[in-house]
Number of protein chains: 2
Amino acid sequence: MARAATTSDVFNAIAEPQRREILVLLRAGERPVTELAQELGMTQPGASKHLRVLREVGLVRVRGAGKQRLYGLDARGLRPVHEWAGGFERFWNESFDRLDAYVQDLKQAKQEE
Amino acid sequence: MARAATTSDVFNAIAEPQRREILVLLRAGERPVTELAQELGMTQPGASKHLRVLREVGLVRVRGAGKQRLYGLDARGLRPVHEWAGGFERFWNESFDRLDAYVQDLKQAKQEE
DNA sequence: TTGACGCATGCCGATATGGGCATACGATGG
DNA sequence: CCATCGTATGCCCATATCGGCATGCGTCAA
């Protein structure tokens, strides 16, 4: 078994830096493929492929506008991600009682790995 | 070029469902590898490998406790994820003026793809 | 109809992944 | 010093990824 299909999971979809960039760009409004490709310095087929993935996980929507296809953001799928990460908020705000112990331990003990 | 190395990026590290589960489990406190493996129904080597990845992106810390190695959460690395996703909050709360248009468009136009 | 434009796909190659298995490694106990 | 327990690693396989390139397909203009 190789890595899970990127196409079935939002977490996987946004694991790709370029796809994250696409999403960010789309916050400014819809755009045709070619424009996205240019702005991100990738080839048109490259952009199309990433957009396909984003489309399949529902983070992006397409709208045919004549010869063009305008891609637009649908960020709702990012909410679960935000919430999941948020579930750890108290752990990074905490004084890290135990964590501090780890750190000290690591410092005085011989380096881990 | 294949997919970016999972080991260099938190987004990639948490793209794996099992790794996400490990993080969640660790919220309850430190645990030795074997215990994690059991609780998640995976083999010990499997757990070790996932923990390695999590360690390399700094989401987890190890502490040698005698014969055992206790893994503990260090959620600080999840903050960027939370913030990144949060950057889209207004888009999923918004009434989606333009998005609504897309949706209607999609419905009446022949199915996309 | 034909051509041009915009985009999606197919195919190939190099690479990295995750899982299974066996085994090497480090620390503890006798 | 040796056996044992708890883990980490190495190796192999099947698979999926991303990128590049060429090409197919749909829409619009002449």
Side-chain angles (χ1 to χ4, degrees), chain A residues 1-22 26 30-57 60-72 105 109-113, chain B residues 1-22 26 30-57 60-72 105 109-113:
Chain A
M1 234 181 255
R3 184 184 277 190
T6 157
T7 194
S8 52
D9 180 4
V10 175
F11 282 89
N12 251 305
I14 64 171
E16 237 291 330
Q18 308 212 43
R19 282 195 290 258
R20 260 173 279 153
E21 292 184 53
I22 289 182
L26 288 181
E30 347 169 50
R31 282 206 185 53
V33 179
T34 307
E35 203 174 312
L36 284 171
Q38 270 190 294
E39 303 188 74
L40 295 177
M42 48 178 146
T43 64
Q44 174 269 307
S48 274
K49 284 173 187 173
H50 283 309
L51 285 166
R52 187 197 214 310
V53 173
L54 292 173
R55 225 163 58 213
E56 284 173 348
V57 298
V60 141
R61 293 193 177 279
V62 217
R63 175 167 70 104
K67 257 192 288 197
Q68 295 187 164
R69 317 235 319 161
L70 265 41
Y71 279 88
D105 207 84
K110 64 188 97 153
Q111 287 260 308
E112 192 46 62
E113 95 182 61
Chain B
M1 232 181 258
R3 183 184 279 188
T6 157
T7 191
S8 52
D9 181 4
V10 175
F11 282 89
N12 252 305
I14 64 171
E16 237 291 331
Q18 309 211 46
R19 281 195 290 260
R20 260 173 281 154
E21 292 184 54
I22 290 183
L26 289 181
E30 348 170 47
R31 281 206 186 53
V33 179
T34 307
E35 202 174 313
L36 285 170
Q38 270 191 295
E39 303 189 75
L40 295 176
M42 47 178 149
T43 64
Q44 173 270 309
S48 275
K49 284 173 186 171
H50 283 309
L51 286 166
R52 188 196 214 306
V53 174
L54 293 173
R55 225 163 58 211
E56 283 172 350
V57 298
V60 141
R61 294 194 176 280
V62 217
R63 176 168 70 104
K67 257 192 285 195
Q68 295 188 164
R69 317 234 322 160
L70 264 40
Y71 279 87
D105 207 85
K110 63 189 102 163
Q111 286 259 308
E112 192 49 61
E113 97 183 61

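As a basis for the values below, the full set of heavy atoms in this structure was taken, side chains included, without hydrogen atoms, waters or symmetry mates. Order of the sequence lines sets the chain letters (A, B, ...), proteins ahead of strands, with each chain counted from 1. Here the structure is a predicted model, which means the values were calculated and not measured.
Within the nucleic acid shown, B:P32 comes within 4.0 Å of sugar-phosphate atoms alone, with no base atom in reach, counting heavy atoms only. Residue-level contact check: A:G46 touches neither bases nor backbone, having no heavy atom under 4.0 Å from any strand.
If you take CG of B:N12 and P of C:dT15, they are 18 Å apart, rounded to a whole angstrom. Nucleotide C:dA8 holds its P atom 11 Å from the CG atom of A:L70, rounded to whole Å. Atom CG of A:D9 and atom P of D:dA16 are 15 Å apart (whole Å). Taking atom CZ of residue B:R63 and atom P of nucleotide D:dA8, one finds them 14 Å apart after rounding to whole Å. For A:E16 and D:dA16, the CD to P distance is 18 Å, given to the nearest whole Å. Taking atom CZ on A:R69 and atom C1' on D:dT27, their separation rounds to 12 Å, with Å as the unit. Between B:R52 atom CZ and D:dG10 atom C1' the separation is 11 Å, expressed in whole Å. Nucleotide C:dG29 holds its C1' atom 15 Å from the CD atom of B:Q68, rounded to whole Å.
Listed nucleotides D:dT7, C:dC21, C:dA8 differ in distance to A:Q44; the shortest reach to its side chain belongs to C:dA8. The A:K67 side chain lies nearest to D:dT27 when the options are D:dT9, C:dT28, D:dT27. Each of D:dT9, C:dT9, D:dA8 was ranked by its minimum atom distance to the side chain of B:S48; first place goes to D:dA8.
Within residues 33-43 of chain B, the residues having any heavy atom closer than 4.0 Å to DNA chain D are, in order of number, B:V33, B:T34.
Residue A:Y71 places none of its side-chain N or O atoms closer than 4.0 Å to OP1 or OP2 of C:dG6. For the pair A:H50 and D:dT17, the criterion of a side-chain N or O lying under 4.0 Å from OP1 or OP2 is not met.
For the pairing with B:Y71, the side chain to side chain donor-acceptor pair (under 3.5 Å) check across B:E35, B:R55, B:E30 returns one residue only, B:R55.
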For residues 37-44 of chain B, which side-chain N or O atoms pair as donor and acceptor with protein atoms under 3.5 Å away, sequence neighbours left out?
unit_1: B:E39; atom_1: OE2; unit_2: B:R31; atom_2: NE; d: 2.6
unit_1: B:T43; atom_1: OG1; unit_2: B:G46; atom_2: N; d: 3.0
unit_1: B:Q44; atom_1: NE2; unit_2: B:S48; atom_2: OG; d: 3.2

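Rounding to the nearest 0.5 Å gives a distance of 4.5 Å between CG of B:L51 and CD1 of B:I22.
In this structure a side-chain-to-backbone donor-acceptor pair under 3.5 Å is present from B:R20 to B:I14. In this structure, the side chain of A:R19 engages the main chain of A:A13 through a donor-acceptor pair within 3.5 Å. Checked by atom type and distance alone, the side chain of A:E16 pairs as donor or acceptor with a backbone atom of A:Q18 at under 3.5 Å.
In this structure, A:K49 and A:A65 both approach DNA chain D, and ranking their closest nucleotides by distance from the 5' end singles out A:K49.
Here the shortest heavy-atom pairing between B:A15 and B:P17 reads O-CD, 3.4 Å.
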